[in-house]
Amino acid sequence: RIDLYPLVISIIDYLTEKGYSLALVTGSPKIAVEHILPSELIKKFKVIISADDVNFGKPSPEPYEKALRNLNLKTEEAFVIENAPMGILSAKNAGLTCFAIETTLSKEYLHQADVIVKNHDDLFSLLKNNY
């Protein structure tokens with residue numbers, strides 16, 4: 001199990017209350033997701049796309065394209081929050097707007113995102129002011 005960053009649940013709950021359907025798109029196998037993430041968090045996602053669900057992982061657009069199909073959304077109706085270069089490339093290759101958060105890497109590694117925020121406080125402010 002992992003400890004979640006502060007505000008993660010608040011951000012997810014905020015987006016859900018605003019009517020967003022949420023997907024978790026990860027390069028990890030499904031068994032790792034189920035083992036590492038708390039079940040209370042997993043339940044908040046309408047769709048989970050893991051490495052087991054795609055032929056080509058990130059930076060391929062396939063994981064995000066599959067999430068969009070499963071949520072029945074068009075690219076202009078969705079956005080991505082990422083924290084890694086391969087995830088950002090995957091989102092951008094799928095034609096999605098991508099916000100990057102400096103949780104594990106600094107902004108110079110995340111430069112291909114549309115917007116980069118320092119932490120979850122900044123991300124929450126961005127979302128509350130714009131979404």
Side-chain angles (χ1 to χ4, degrees):
R1 294 274 176 226
I2 62 167
D3 291 327
L4 298 177
Y5 287 102
L7 292 179
V8 166
I9 297 294
S10 296
I11 290 168
I12 289 170
D13 289 345
Y14 170 80
L15 291 171
T16 301
E17 289 167 13
K18 287 292 191 176
Y20 288 94
S21 297
L22 304 181
L24 173 64
V25 179
T26 178
S28 299
K30 195 161 293 237
I31 194 165
V33 173
E34 293 168 354
H35 180 71
I36 293 170
L37 294 180
S39 60
E40 71 189 50
L41 179 63
I42 292 172
K43 292 176 190 174
K44 294 181 180 287
F45 294 96
K46 188 173 182 181
V47 169
I48 296 177
I49 304 296
S50 72
D52 303 324
D53 300 313
V54 295
N55 294 314
F56 302 99
K58 298 173 183 179
S60 163
E62 184 184 355
Y64 282 111
E65 290 171 343
K66 187 165 189 173
L68 287 169
R69 279 193 307 277
N70 289 353
L71 291 171
N72 197 29
L73 294 174
K74 298 174 184 168
T75 55
E76 61 271 12
E77 298 173 317
F79 61 86
V80 171
I81 300 167
E82 265 290 350
N83 70 340
M86 292 297 108
I88 294 167
L89 286 173
S90 180
K92 297 309 294 175
N93 287 335
L96 291 158
T97 298
C98 183
F99 304 127
I101 185 166
E102 295 182 64
T103 53
T104 55
L105 295 170
S106 60
K107 63 184 172 190
E108 44 275 358
Y109 296 98
L110 309 173
H111 67 275
Q112 292 180 310
D114 296 289
V115 176
I116 301 169
V117 295
K118 188 81 176 151
N119 54 43
H120 288 85
D121 287 318
D122 291 348
L123 175 63
F124 204 8
S125 293
L126 171 74
L127 294 172
K128 287 195 286 189
N129 289 326
N130 297 287
Y131 294 89

For this session: Identify whether Ile36 and Leu22 are in the same connected component of the hydrophobic contact network (ILVMFWY, side-chain heavy atoms under 4.5 Å).
Result: yes

Tabulate below the donor-acceptor pairs under 3.5 Å that side-chain atoms of residues 47-61 make, not counting sequence neighbours, or state none.
unit_1 : atom_1 : unit_2 : atom_2 : d
Ser50  : OG     : Asp52  : N      : 3.2
Ser50  : OG     : Asp53  : OD2    : 3.2
Asp52  : OD2    : Lys30  : N      : 2.7
Asp53  : OD2    : Lys30  : NZ     : 3.3
Asp53  : OD2    : Ser50  : N      : 2.8
Lys58  : NZ     : Val25  : O      : 2.9
Lys58  : NZ     : Glu82  : OE2    : 2.9
Ser60  : OG     : Glu62  : N      : 3.0

For this session: If you link ILVMFWY side chains whenever their heavy atoms are less than 4.5 Å apart, which other residues fall into the same cluster as Met86? By chain and number, please.
Result: Leu89

Problem set entry | Pairs flagged by side chain to side chain donor-acceptor pair (under 3.5 Å) wherever residues 65-80 is involved - sequence neighbours left out | none

Exercise. Does the side chain of Phe124 come within less than 4.5 Å of Leu126's, by heavy atoms?
Worked result: no

Exercise. Under a 4.5 Å side-chain heavy-atom rule over Ile, Leu, Val, Met, Phe, Trp and Tyr, are Leu105 and Leu123 clustered together?
Worked result: no

Exercise. How long is the gap from OH on Tyr64 to CG on Asn93, to the nearest 0.5 Å?
Worked result: 11.5 Å

For this session: Under the ring pair (Phe, Tyr, Trp, His ring centres under 6.0 Å) rule, collect the residues that match up with Phe45, sequence neighbours excluded.
Result: none

Which atom pairs, donor and acceptor, lie under 3.5 Å between side-chain atoms of residues 13-20 and protein residues at least two apart or in another chain?
unit_1 : atom_1 : unit_2 : atom_2 : d
Asp13  : OD1    : Lys44  : NZ     : 2.8
Tyr14  : OH     : Tyr131 : O      : 2.6
Thr16  : OG1    : Ile12  : O      : 2.9

Contacts table for residues 110-121: side-chain donor-acceptor under 3.5 angstrom, sequence neighbours left out:
unit_1 : atom_1 : unit_2 : atom_2 : d
His111 : ND1    : Glu108 : O      : 2.9
Asp114 : OD1    : Lys92  : NZ     : 3.0
Asp114 : OD2    : Lys92  : NZ     : 2.7
Asp114 : OD2    : Cys98  : N      : 2.7
Asn119 : OD1    : Asp121 : N      : 3.1
Asn119 : OD1    : Asp122 : N      : 2.8

Seminar exercise, completed: Residues passing the side chain to side chain donor-acceptor pair (under 3.5 Å) test with Thr103, sequence neighbours excluded, are Asn83

For this session: To the nearest 0.5 angstrom, please state how far the CG atom of Leu37 sits from the OG atom of Ser28.
Result: 8.5 Å

Exercise. Would you call Ile11 and Leu127 a side-chain contact if the rule is heavy atoms closer than 4.5 Å?
Worked result: yes

Seminar exercise, completed: Taking every heavy atom of Leu68 against every heavy atom of Ala78, the minimum-distance pair comes out as CD2-CB, 3.6 Å

For this session: Kindly work out whether a path of hydrophobic side-chain contacts (I/L/V/M/F/W/Y, heavy atoms less than 4.5 Å apart) joins Tyr109 to Ile101.
Result: no

